[in-house]
**Student:** 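This is the structure, below, for whatever I ask next.
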Amino acid sequence: MSQRLQSVFFFLSALLFAALFFLPLAVYYGNENTLIFNVYGIDTLTPALENPWPRTFSLPVLILAITSMLLSGYLAMGLFRAVKLVQFVKLHKISRINIVIIVAWIAVVFGYYIRVIGHPIGADPTFKVGAFLPLVALLLTIAAASGLKKDIKKVRSTDRIR
């Protein structure tokens, strides 16, 4: 079985979401103010001007990122311990939940936050590397979930032979 490859994919997905805490998602260059959109909040580069967004404004983005990171880490560790078919099926269900959470994160960030943040200062977003990391994490999670499904089929077929 190729559980180790899926474990690596889930671990990389967790690392990509962990990297979001160090990389900005987008930067908004206004005439007077510059805003940086991070997972943990919106910061201003102009200390003399007030930040138009409170720290709690991006709390859903933070919660979804932490949830996805923890689920990916749990899946990566859980695959090393999985031996029985029931454990593989449980991990596959959790991986599907993780895919839904990542898609929700992408929808929330790109569907709402990216468009709304720049309005008070009249700026358009300049996307940074952090904006594309969840897309790579989604692809890795989908690849790992499909490999996990193949492993489940393989275990079921060997159980029938016995």
Side-chain angles (χ1 to χ4, degrees), residues 1-28 35-43 53-118 125 127-162:
M1 285 185 250
S2 60
Q3 322 171 29
R4 299 203 195 297
L5 184 61
Q6 283 108 26
S7 297
V8 170
F9 285 167
F10 284 129
F11 182 70
L12 287 175
S13 176
L15 280 180
L16 289 174
F17 267 99
L20 287 178
F21 289 95
F22 304 104
L23 299 171
L25 300 174
V27 177
Y28 297 85
L35 298 176
I36 299 175
F37 177 37
N38 294 310
V39 171
Y40 50 84
I42 301 162
D43 298 324
W53 302 105
R55 183 63 69 183
T56 57
F57 177 69
S58 63
L59 194 61
V61 175
L62 178 66
I63 290 171
L64 287 173
I66 290 173
T67 304
S68 179
M69 181 178 62
L70 291 176
L71 280 178
S72 294
Y74 174 77
L75 288 165
M77 290 184 297
L79 277 174
F80 277 107
R81 294 188 322 235
V83 184
K84 297 179 182 178
L85 179 65
V86 177
Q87 294 168 328
F88 283 112
V89 172
K90 176 185 166 189
L91 290 173
H92 184 55
K93 287 179 184 178
I94 294 172
S95 69
R96 290 188 295 187
I97 292 170
N98 195 18
I99 290 171
V100 170
I101 290 173
I102 294 172
V103 168
W105 189 94
I106 292 170
V108 164
V109 167
F110 287 105
Y112 178 71
Y113 283 96
I114 292 291
R115 288 190 285 153
V116 170
I117 292 172
F127 293 107
K128 298 297 178 183
V129 175
F132 303 105
L133 292 181
L135 299 172
V136 176
L138 177 64
L139 293 175
L140 288 171
T141 305
I142 289 172
S146 68
L148 192 55
K149 189 172 184 177
K150 289 178 186 176
D151 285 349
I152 290 171
K153 287 181 182 179
K154 204 181 292 183
V155 169
R156 283 188 179 150
S157 69
T158 58
D159 282 348
R160 274 187 242 134
I161 293 173
R162 290 186 214 172

**Student:** Return the CG to OH distance between Leu59 and Tyr40, rounded to the nearest 0.5 Å.
**Tutor:**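 Taking CG in Leu59 and OH in Tyr40, the distance rounds to 15.0 Å.
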**Student:** Can you give me the closest heavy-atom contact between Ala19 and Leu133, atom names plus distance?
**Tutor:**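 What the structure gives for the nearest pair is CB-CD1, 3.9 Å.
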**Student:** Check the angle between the aromatic planes of Phe57 and Tyr113 and answer parallel, tilted or perpendicular using the 30° and 60° thresholds.
**Tutor:**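 Phe57 and Tyr113: perpendicular rings.
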**Student:** Does any non-hydrogen side-chain atom of Lys128 lie less than 4.5 Å from one of Val27?
**Tutor:**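 In short, these two side chains touch, coming nearer than 4.5 Å.
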**Student:** Tell me, do Leu20 and Pro134 make a side-chain contact under 4.5 Å, heavy atoms counted?
**Tutor:**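 Heavy-atom side-chain distance check passes, below 4.5 Å.
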**Student:** For the CG atom of Leu140 and the CZ atom of Phe11, what is their distance to the nearest 0.5 Å?
**Tutor:**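 Output value for this atom pair is 12.5 Å.
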**Student:** Using side-chain heavy atoms (C-beta onward) and a distance below 4.5 Å, is Met69 in contact with Ser72?
**Tutor:**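 No - every pair of side-chain heavy atoms lies 4.5 Å or more apart.
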**Student:** Classify the ring geometry of Phe17 against Trp105: parallel below 30°, tilted from 30° to 60°, perpendicular beyond 60°.
**Tutor:**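 Phe17 vs Trp105 ring planes: perpendicular.
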**Student:** Rounded to the nearest 0.5 Å, what's the gap from CD1 on Ile42 to CG on Leu25? Could you check?
**Tutor:**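 If I round to the nearest 0.5 Å, the distance is 10.0 Å.
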**Student:** Just how far is it from atom CD1 of Ile101 to atom CD1 of Ile94, taken to the nearest 0.5 Å?
**Tutor:**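 Going from the CD1 atom of Ile101 to the CD1 atom of Ile94 covers 10.5 Å.
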**Student:** Between atom CZ of Arg55 and atom CG of Asp43, what is the distance when rounded to the nearest 0.5 Å?
**Tutor:**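 With rounding to 0.5 Å, CZ (Arg55) is 5.0 Å from CG (Asp43).
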**Student:** Report yes if some heavy atom in the side chain of Phe22 is under 4.5 Å from a heavy atom in the side chain of Val39; otherwise report no.
**Tutor:**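 They are not in contact (no side-chain heavy atoms under 4.5 Å apart), so the answer is no.
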**Student:** For a quick test of reading the model, state the closest non-hydrogen atom pair linking Gln87 to Lys84 and the distance between them.
**Tutor:**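 Smallest heavy-atom distance, with atoms named: OE1-N, 3.0 Å.
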**Student:** Considering all heavy atoms of both residues, which atom of Leu75 and which atom of Ser95 are nearest to each other, and what is their separation?
**Tutor:**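 In terms of heavy atoms, the two residues are closest at CD1-CA, 3.6 Å.
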**Student:** With a 4.5 Å limit on heavy-atom distance, are the side chains of Leu148 and Arg96 in contact?
**Tutor:**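 Side-chain contact under 4.5 Å: no.
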**Student:** Looking only at heavy atoms, what is the nearest atom pair of Ile114 and Tyr28, with distance?
**Tutor:**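 Result for this residue pair: O-OH, 2.7 Å.
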**Student:** Answer yes or no: is there a side-chain heavy-atom contact under 4.5 Å between Phe9 and Leu5?
**Tutor:**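 Contact flag for Phe9/Leu5 side chains = yes.
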**Student:** So, for Pro24 and Ile36, which heavy atoms are closest and what is the spacing to 0.1 Å?
**Tutor:**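 Answer, listing the atom of Pro24 first, then Ile36: CB-CG2, 3.6 Å.
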**Student:** Is the shortest heavy-atom distance from the side chain of Ser68 to the side chain of Asn98 under 4.5 Å?
**Tutor:**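 Touching, per the 4.5 Å side-chain cut-off.
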**Student:** Please examine the side chains of Thr141 and Phe10, heavy atoms only from C-beta on, and report whether any two atoms are closer than 4.5 Å.
**Tutor:**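 Sidechains of Thr141 and Phe10: in contact.
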**Student:** So how far is it from Leu91 CG to Lys93 NZ, rounded to the nearest 0.5 Å?
**Tutor:**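 NZ of Lys93 is found 11.5 Å from CG of Leu91.
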